[in-house]
Amino acid sequence: SSRAFALVLLLCALSCHHAAVSSAQVPAKDDFLGCLVKEIPARLLFAKSSPAFPAVLEQTIRNSRWSSPQNVKPLYIITPTNTSHIQSAVVCGRRHGVRLRVRSGGHDYEGLSYRSERPEAFAVVDLNKMRTVLVNEKARTAWVDSGAQLGELYYAIAKNSPVLAFPAGVCPSIGVGGNFAGGGFGMLLRKYGIAAENVIDVKLVDANGKLLDKSSMSPDHFWAVRGGGGESFGIVVSWQVKLLPVPPTVTVFQIPKTVQEGAVDLINKWQLVAPALPGDIMIRIIAMGDKATFEAMYLGTCKTLTPLMSSKFPELGMNPSHCNEMPWIKSIPFIHLGKQATLADLLNRNNTFKPFAEYKSDYVYQPVPKPVWEQLFGWLTKPGAGIMVMDPYGATISATPEAATPFPHRKGVLFNIQYVNYWFAEAAGAAPLQWSKDIYKFMEPFVSKNPRQAYANYRDIDLGRNEVVNDISTYSSGKVWGEKYFKGNFQRLAITKGKVDPQDYFRNEQSIPPLLGK
């Protein structure tokens with residue numbers, strides 16, 4: 001069905017399992033590898049010359065654009081099974097001039113956790129063997145490793161309690177490490193805000209290989225890792241999160257409306273209604289072709305949802321026949337895969353869906369004029385068209401002050417837009433890439449300005465790249481893209497980077513540059 005296809009297009013394909021692989025003999029002449037093998041079992045190390053290397057590199061790549069030969073690949077992949085392996089990797093990397101990039105194995109739209117755009121000697125610390133989740137139901141907390149996926153976290157929470165939850169991303173195949181580091185939001189964003197603001201402690205390996213937690217980090221360092229984007233401030237090994245109450249029953253509905261059925265008028269009304277609703281309800285839109293699907297989760301039963309919708313958004317025509325009542329945990333696979341999905345799907349790391357993909361994002365503060373929505377459905381039916389996913393803000397996510405976390409998209413935001421486009425052969429990319437560029441340009445007058453904001457976890461390299469001068473990423477180049485993701489918080493992030501990693505060891509094309517002398 002087109003509904004199922006739209007969900008597939010959301011890059012919610014389930015993640016890859018890690019196949020058993022063996023490493024090749026390591027050449028003794030290699031100083032970095034020689035350093036690593038003293039501390040890390042050889043079976044966890046993969047040199048570029050190893051027969052297993054391509055499979056290990058590919059196993060969590062989701063965007064086939066970043067598998068092509070022109071991408072600079074790592075010299076080595078390290079697959080740690082404990083924290084000491086990560087510390088050793090940092091110490092050896094610093095000693096022998098090999099930088100580290102870190103991947104938790106989730107979506108990574110631009111692939112910067114495992115590829116470089118410019119020639120660079122780097123290794124990848126691949127965390128996909130570190131994915132323990134420990135839930136303390138009594139304390140309402142959990143420790144979760146960065147290599148876990150959100151589905152594994154949600155499953156573990158629900159196994160301990162049917163009335164506790166955590167507000168992170170929608171897709172169960174997203175990696176915990178990247179999601180929390182960049183903010184992290186899903187269907188609970190209006191009730192409980194973003195994942196990062198519900199993190200209460202971390203275990204982090206810093207640029208000197210030291211293991212830190214909240215008590216041994218500076219307050220600015222702890223602030224920065226919770227929303228300032230992955231990579232820049234060290235390697236977060238695990239996160240302690242606050243679990244939050246949900247009722248025994250939640251209600252989900254999915255109501256598709258075509259243009260002929262009044263989709264334009266409904267979206268025009270939705271942009272005012274959805275951000276003003278109580279925090280217990282989230283109604284997002286997936287717009288594709290000539291159809292908009294209104295997808296909602298309500299923390300309560302159909303009996304109380306129906307009069308709320310009749311009062312606040314009668315035009316949608318929601319009635320009890322649209323209701324799907326279930327425990328919160330079942331809403332995750334339901335929204336992700338549809339009615340046939342099971343809880344077992346949350347634990348499936350086998351990733352076979354690897355399209356070529358392009359993503360962009362926007363924030364909207366003023367209602368988009370109705371004629372523009374009419375034109376947008378024209379855009380959504382053009383050759384090479386992608387889809388638009390729109391998440392309403394308001395309630396808790398908008399009540400948090402901008403400076404409370406690095407994630408600054410708060411007061412006044414009506415909704416976030418994600419533009420998603422997929423194709424399935426490299427040669428077919430011209431029309432989708434042009435469509436993404438053109439619709440982004442078309443939307444410029446109707447979205448946030450000075451800066452035009454974007455969400456850090458919908459990473460977009462077109463917003464800008466760091467320039468490296470004297471082996472340090474420059475603040476001036478980082479500011480170009482950084483203020484779009486972080487607004488006024490970017491400077492504080494850069495000052496913090498200057499204190500915790502002044503030599504810019506942890507870096508990529510969009511890592512926070514160090515601002516020194518502040």
Side-chain angles (χ1 to χ4, degrees), residues 3-4 6-7 10 12 150-151 153-155 157-158 161-174 179 184-195 198 243-257 266-267 270-271 273-287 292-313 316-343 345-346 389-398 415-416 418:
R3 159 75 196 149
L7 283 176
L10 288 182
C12 288
L150 295 182
L153 171 61
Y154 297 154
Y155 185 93
I157 294 168
S161 170
V163 290
L164 290 176
F166 189 70
V170 171
C171 299
S173 54
I174 296 169
N179 191 244
F185 62 74
M187 298 302 282
L188 289 171
L189 69 85
R190 306 190 69 256
K191 180 68 173 179
Y192 291 126
I194 62 172
N198 292 289
L243 304 182
L244 296 155
V246 287
T249 301
V250 307
T251 305
V252 177
F253 69 71
Q254 296 159 336
I255 302 177
K257 295 286 186 179
L266 288 168
I267 297 182
W270 166 89
Q271 67 182 335
V273 170
L277 287 169
D280 286 339
I281 184 165
M282 163 90 170
I283 309 172
R284 69 175 189 160
I285 292 178
I286 300 161
T293 298
F294 294 78
E295 180 170 67
M297 185 180 76
Y298 172 65
L299 297 173
T301 63
C302 186
K303 189 177 178 182
T304 49
L305 172 60
T306 307
L308 175 66
M309 291 298 295
S310 297
S311 163
K312 302 290 187 183
F313 197 5
L316 187 60
M318 182 266 168
N319 64 60
S321 73
H322 295 120
C323 290
N324 299 276
E325 292 185 330
M326 63 194 76
W328 170 77
I329 189 61
K330 288 195 175 174
S331 74
I332 308 292
F334 184 98
I335 287 168
H336 166 53
L337 291 171
K339 290 187 180 184
Q340 292 73 38
T342 67
L343 294 188
D345 291 317
L346 299 179
V389 184
M390 292 170 275
D391 291 316
Y393 277 32
T396 301
I397 195 169
S398 296
F415 56 97
N416 165 275
Q418 182 179 191

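Just so you know, these numbers come straight off a predicted model, no measurement behind them.
Residues forming a side chain to side chain donor-acceptor pair (under 3.5 Å) with E325 (at least two apart in sequence, or on another chain): none. Partners of K330 according to the salt bridge (charged side-chain N to carboxylate O under 4.0 Å, His left out) rule, which considers only residues two or more places apart in sequence or in another chain, do not exist here. With sequence neighbours excluded, the residues forming a side-chain contact (heavy atoms from CB on, under 4.5 Å) with A165 are L188, V246, W328, listed by chain and number. Residues that satisfy the side chain to side chain donor-acceptor pair (under 3.5 Å) test with S321, not counting sequence neighbours, are N319. The side-chain contact (heavy atoms from CB on, under 4.5 Å) search around A341 returns P333, L337, D345, not counting sequence neighbours. Among residues two or more places apart in sequence or in another chain, the side chain to side chain donor-acceptor pair (under 3.5 Å) test is passed with Y154 by none. Partners of Y298 under the side chain to side chain donor-acceptor pair (under 3.5 Å) rule, at least two apart in sequence or in another chain, are T304. Among residues two or more places apart in sequence or in another chain, the side-chain contact (heavy atoms from CB on, under 4.5 Å) test is passed with P245 by R140, Y192. Residues passing the ring pair (Phe, Tyr, Trp, His ring centres under 6.0 Å) test with F415 are W270, sequence neighbours excluded. By the side-chain contact (heavy atoms from CB on, under 4.5 Å) test, P248 pairs with V163, sequence neighbours left out.
Between H322 and M318, the shortest heavy-atom contact is ND1-CA, 3.5 Å. Between G394 and S398 the shortest heavy-atom distance is N-OG, 2.8 Å. Minimum heavy-atom separation, T306 to P320: CG2-CD, 3.8 Å. Closest heavy-atom contact between T396 and G193: CG2-N, 3.7 Å. The two residues G186 and V170 make their nearest non-hydrogen contact at CA-CG2, 3.8 Å.
Between I281 atom CD1 and L308 atom CG the span is 5.5 Å, to the nearest 0.5 Å. Of the inter-residue distances, the one linking M297 atom CE with R190 atom CZ reads 11.5 Å to the nearest 0.5 angstrom. The NZ atom of K339 lies 8.5 Å from the CE atom of M326; values are rounded to the nearest 0.5 Å. Taken to the nearest 0.5 Å, the CD atom of E295 stands 4.5 Å off from the CZ atom of R284. With rounding to the nearest 0.5 Å, the separation of CD1 in I332 from CG in L153 is 9.5 Å. Atom CD of Q271 and atom CG of L266 lie 12.0 Å apart (nearest 0.5 Å).
Between H336 and L346 there is no side-chain heavy-atom pair separated by less than 4.5 Å. By the 4.5 Å heavy-atom criterion applied to side chains, L277 and P392 are not counted as neighbours. Counting only heavy atoms from C-beta outward, the side chains of L316 and F253 approach each other to under 4.5 Å. Taking the side chain as every heavy atom from C-beta outward, M187 and V250 never approach each other to under 4.5 Å. The shortest distance between side-chain heavy atoms of K191 and L244 does not fall below 4.5 Å.
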Checklist entry - Can you check side-chain contact (heavy atoms from CB on, under 4.5 Å) on D391 and M282, steps first, answer last? => result CA-CA 8 Å; D391 291 316; M282 163 90 170; 3.6 Å; yes
Checklist entry - Given the rule in the side-chain contact (heavy atoms from CB on, under 4.5 Å) test, do F294 and K257 qualify, once you have shown the distances and angles that lead to the verdict? => result CA-CA 8 Å; F294 294 78; K257 295 286 186 179; 4.2 Å; yes
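N324 places a side-chain N or O within 3.5 Å of a backbone atom of V252 that can act as its donor or acceptor partner. Without hydrogens or angle criteria, T251 side chain to C302 main chain gives a donor-acceptor distance under 3.5 Å.
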